[in-house]
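Just so you know, these numbers use all the heavy atoms, side chains as well, and skip hydrogens, waters and symmetry mates. Everything quoted here is computed from the prediction, not taken from an experiment. Letters A, B, ... mirror the listed sequences (proteins, then strands); counts begin at 1.
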2 protein chains.
Amino acid sequence: MRDLPTVVARMWGRELVSRRGPRRGLTLQQITDAAIAIADAEGLAGVRMSSVAAGLGVSTMALYGYVTSKDDLLTAMVDAAAPEPPEQGDLSWRGYLSAWTRANRDFLASRPWLLQVAPLTPPVGPCTLRWLDRSLTALTGTGLTAAEAVNITATLSAYAVSAATLATAMSGTVDEAGGEGLDGYTAMLTRLVDADGYPGLTAALESGAFGVAPEWVEDADFAFGLTLLLDGIEALVARRKEG
Amino acid sequence: MRDLPTVVARMWGRELVSRRGPRRGLTLQQITDAAIAIADAEGLAGVRMSSVAAGLGVSTMALYGYVTSKDDLLTAMVDAAAPEPPEQGDLSWRGYLSAWTRANRDFLASRPWLLQVAPLTPPVGPCTLRWLDRSLTALTGTGLTAAEAVNITATLSAYAVSAATLATAMSGTVDEAGGEGLDGYTAMLTRLVDADGYPGLTAALESGAFGVAPEWVEDADFAFGLTLLLDGIEALVARRKEG
DNA sequence: CTCCTTCTCCGTACCACATACACTGTATTC
DNA sequence: GAATACAGTGTATGTGGTACGGAGAAGGAG
């Protein structure tokens with residue numbers, strides 16, 4: 001059986017402690033915390049091995065005793081930046097998944113830099129795997145197969161990512177797509193698109209569908225799509241119950 | 001009114017032609033094509049300004065006459081790499097959106113590097129905007145508002161991304177998450193997770209829900225989630241029709 | 001108590017890559 | 001045919017990740 005990747009081992013507290021030599025001056029936690037603080041403040045671009053090290057008062061190369069590469073650091077950051085998933089309490093599966101997806105979206109939206117890293121990194125840390133687990137657990141007893149539950153979880157998670165991406169793009173934080181967030185973007189589209197080639201889009205632009213305020217996106221819009229998904233799932237559960 | 005970003009202008013053939021001086025030796029198309037060829041062959045990491053230029057037989061700096069930065073190049077690549085969206089023909093909105101989402105997923109899966117770029121880049125090119133338009137157009141006449149249609153499109157698109165990401169991760173192309181694709185990943189999870197802290201996940205692992213073959217993922221699994229979404233949308237449309 | 005092992009951290013490079021700047025030559029306009 | 005704007009090149013610079021070897025700290029062995 002092959003060894004766990006070192007960062008993964010350290011994320012789970014499975015590092016083998018050594019007896020000889022100086023004690024370690026840092027923890028992976030301290031490092032990820034410092035890196036996260038920088039990412040929150042300056043965005044992902046501000047996260048350099050040197051800047052993280054500087055934040056901790058150690059040399060750049062000291063970090064390589066804890067992570068084998070910058071990618072490792074990013075992976076660890078994702079897990080450390082995620083909050084704990086919500087408690088199930090006595091919620092129905094539907095109530096729980098609704099809360100789960102909303103909480104998922106909320107923390108992604110509060111840390112836009114996660115959107116550039118998390119979607120490409122499969123969950124490997126204790127916390128992100130707990131998110132996966134809680135969703136699967138909530139679906140236990142609905143009669144769905146495990147594979148279906150996994151699939152549903154992936155879909156809900158994708159929805160959370162999409163909603164967070166949208167919300168972030170609206171406030172123009174992530175990406176200066178055309179100047180200043182949404183307004184610049186719609187202005188640009190209006191200039192580019194003509195009714196012949198892009199009838200649906202033109203109509204949408206004219207009706208101001210893109211001009212919605214961020215706070216609308218942040219709730220009613222989100223709930224709308226989520227309901228779509230949950231209705232679909234509920235229909236499936238019902239089918240399974242009777243079949 | 002502010003000027004269009006230069007790459008965007010060039011993507012739409014809106015560049016102002018100059019009269020004096022030597023003729024241009026290249027097109028943005030040629031450049032993106034060369035870059036795409038490299039990305040297909042070596043992945044996104046192989047795309048360097050120097051490698052793209054070398055592929056065209058020009059100097060690195062020549063490219064900066066066509067794009068203002070590497071990011072610009074990536075943006076242009078996304079649009080050039082996308083195929084045309086499917087034709088509506090006489091499909092119902094549901095039939096069309098189903099085909100649309102599937103085609104969307106297919107081209108993303110065939111070019112894994114798109115997954116690292118496209119989700120973060122709002123559509124600005126003629127082709128990607130055509131994708132957006134076709135979905136909106138298909139939803140015209142269902143009684144949904146334009147804002148709802150936009151939202152639905154975003155959700156379907158996110159689903160395509162998620163499915164493509166999953167499919168790519170399975171075949172282990174994108175990311176060596178634990179050694180060799182899915183098997184390494186499940187093996188790792190099995191070692192990390194215990195039934196106390198992760199009941200649902202443990203059950204899923206034991207039942208082999210993660211061990212599914214890629215080709216299953218590539219169809220039945222995808223259709224499953226898509227049906228979920230479309231059912232939800234259909235329910236909404238029905239509600240609007242009667243209300 | 002002393003030496004030796006083993007480990008942590010550091011300083012110093014090195015290399016890859018994006019991009020600024022000044023230059024050369026060419027095609028157009030007067 | 002001169003003036004001019006402009007395409008493409010060469011060189012240089014800066015930034016950032018990471019390899020390598022050394023120095024000193026902690027523990028174990030004699």
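Rounded to whole angstrom, the span from the CG atom of B:Leu26 across to the C1' atom of D:dC6 amounts to 15 Å. Separating the CG atom of B:Asp71 from the P atom of C:dA18 is a distance of 11 Å, rounded to the nearest angstrom. Atom CG in B:Leu63 sits roughly 12 Å away from atom C1' in D:dT9 (whole-Å rounding). Rounded to whole Å, the distance from NZ on B:Lys70 to C1' on C:dA16 is 11 Å.
Applying the side-chain hydrogen bond (donor to acceptor under 3.5 Å, both in side chains) rule to A:Asp40 yields the partners A:Arg111, A:Trp113; only residues at least two apart in sequence or on another chain are considered. Residues passing the side-chain hydrogen bond (donor to acceptor under 3.5 Å, both in side chains) test with B:Asp72 are B:Thr68, sequence neighbours excluded. Considering only residues two or more places apart in sequence or on other chains, A:Ala9 meets the side-chain contact (heavy atoms from CB on, under 4.5 Å) condition with A:Leu4, A:Arg14. For the side-chain contact (heavy atoms from CB on, under 4.5 Å) test, residues two or more places apart in sequence or in another chain that qualify with A:Ser59 are A:Met61, A:Ala62. Legend: residues meeting side-chain hydrogen bond (donor to acceptor under 3.5 Å, both in side chains) with B:Asp79, ordered by chain and number and at least two apart, are B:Thr128. The side-chain hydrogen bond (donor to acceptor under 3.5 Å, both in side chains) test applied to A:Glu84 returns A:Arg130, not counting sequence neighbours. For A:Phe107, the ring pair (Phe, Tyr, Trp, His ring centres under 6.0 Å) test picks out A:Trp131, with sequence neighbours left out. Scored by the ring pair (Phe, Tyr, Trp, His ring centres under 6.0 Å) test, A:Tyr198 finds B:Trp12 as partners (sequence neighbours excluded).
Base engagement by A:Thr60 is indicated by at least one non-hydrogen atom pair under 4.0 Å involving a base atom.
Near DNA chain C, meaning a heavy atom under 4.0 Å away, the residues from residues 48-59 of chain B are B:Arg48, B:Met49. The stretch residues 27-36 of chain A does not touch DNA chain C, since none of its heavy atoms comes less than 4.0 Å from the strand.
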**Request:** Would you please test A:Leu132 and A:Leu129 for side chain to side chain contact (heavy atoms under 4.5 Å, CB included) and show each step?
**Result:** CA-CA 5 Å; A:Leu132 172 54; A:Leu129 282 175; 4.1 Å; yes
Return a table of donor-acceptor pairs under 3.5 angstrom between the side chains of residues 20-29 of chain A and protein atoms on other chains or two or more places apart.
{"residue": "A:Arg24", "atom": "NH2", "partner": "A:Gly65", "partner atom": "O", "Å": "2.9"}
{"residue": "A:Thr27", "atom": "OG1", "partner": "A:Gln30", "partner atom": "OE1", "Å": "2.8"}

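A donor-acceptor pair is defined here as one N or O able to donate and one able to accept, closer than 3.5 Å; no such pair exists between the side chain of A:Thr121 and the backbone of A:Thr75.
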**Asked** What string of B, S and - do you get for nucleotides 20-30 of chain C, 5' to 3', if B is base contact, S is sugar-phosphate-only contact and - is no contact with any protein heavy atom under 4.0 Å?
**Response** BB---BBBBS-
